[in-house]
Amino acid sequence: MLALLPKDLTDDDQLRIYKTYHRKKGQDILGPTKNSKKGGNRNVPIPHWLAEEFRTYCSKLYGLTPDDRVFYMTCTALNKELTRCTQITYLPDIRVHDLRHSHVSLCIELGYSIVLVAKRIGDTVPVVMRTYAHLYPNKQQELVSRLETLSTSSSSKDESDLMPLV
């Protein structure tokens, strides 16, 4: 997020992810994504309302050029602000990276495949499985319930509808 430039939002509401931002010895450094050789560079579709929010925000930043960072703070400053806000609202403390985990968890809960989610966040399927598989233990019971439903509906069919095995 901290590496986003206005030009990274495409006309069809996708964010081009191909760089990261960090600060080293007082210098702002834009570098390659962590997994740039394994799908870390990607275009991520976002909801139209979010793309419009991004465009509006950029339009209100005085003198912002297409090659300027949109979010000019450091990760430390952003995390401090999140902490301040969570304290005011009596919510549990969160870090910026926790928002990534929340997004992935939501996508999994909504039923999207691990392959799609991994591609979206620029990670591998094994990493996503290892990191997030434990979050929804109720999914096993949901799976069993759906299999039961399938079994019940297929056993209630007239046997004449079944294809003979011989």
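Computed from heavy atoms alone, side chains included, the values below leave out hydrogens, waters and symmetry copies. For the single chain, residues carry numbers from 1 onward in sequence order.
By the side-chain hydrogen bond (donor to acceptor under 3.5 Å, both in side chains) test, Asp28 pairs with Tyr21, Arg23, sequence neighbours left out.
For the residue pair Asp11 and Arg55, the shortest heavy atom distance occurs at O-NH2, 4.0 Å.
Separation of atoms CE (Met1) and CG (Leu99) is listed at 8.0 Å; rounding is to 0.5 Å. Of the inter-residue distances, the one linking Gln14 atom CD with Ile46 atom CD1 reads 9.0 Å to the nearest 0.5 angstrom. Here the CD1-NZ distance, from Ile114 to Lys119, works out to 15.5 Å after rounding to the nearest 0.5 Å. Separating the CG atom in Leu2 from the NE2 atom in His22 is a distance of 12.0 Å, to the nearest 0.5 Å. To the nearest 0.5 angstrom, Ser102 atom OG is 13.0 Å from Glu109 atom CD.
Asn79 and Thr76 are not linked by any side-chain donor-acceptor pair at a separation below 3.5 angstrom, with hydrogens and angles left out of the test. For Asp12 and Thr10, the side-chain atoms include at least one donor-acceptor pair closer than 3.5 Å.
Contact check on Arg69 versus Asp8 returns no salt bridge, with no Lys/Arg side-chain nitrogen under 4.0 Å from an Asp/Glu carboxylate oxygen. Under the 4.0 Å criterion applied to side-chain N and carboxylate O atoms, Arg100 and Asp123 are assigned as salt-bridge partners.
The ring pair (Phe, Tyr, Trp, His ring centres under 6.0 Å) analysis of residues 41-66, with sequence neighbours excluded, yields the pairs Tyr57-Phe71. Every pair passing salt bridge (Lys or Arg N to Asp or Glu O under 4.0 Å) that includes a residue from residues 80-94 is listed here, sequence neighbours excluded: Glu81-Arg84.
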Leu30 vs Thr20, side chain to side chain contact (heavy atoms under 4.5 Å, CB included): CA-CA, chis, key distance, verdict: CA-CA 5 Å; Leu30 290 177; Thr20 58; over 6 Å; no
Asn41 vs Ile17, side chain to side chain contact (heavy atoms under 4.5 Å, CB included): CA-CA, chis, key distance, verdict: CA-CA 5 Å; Asn41 293 347; Ile17 309 297; over 6 Å; no
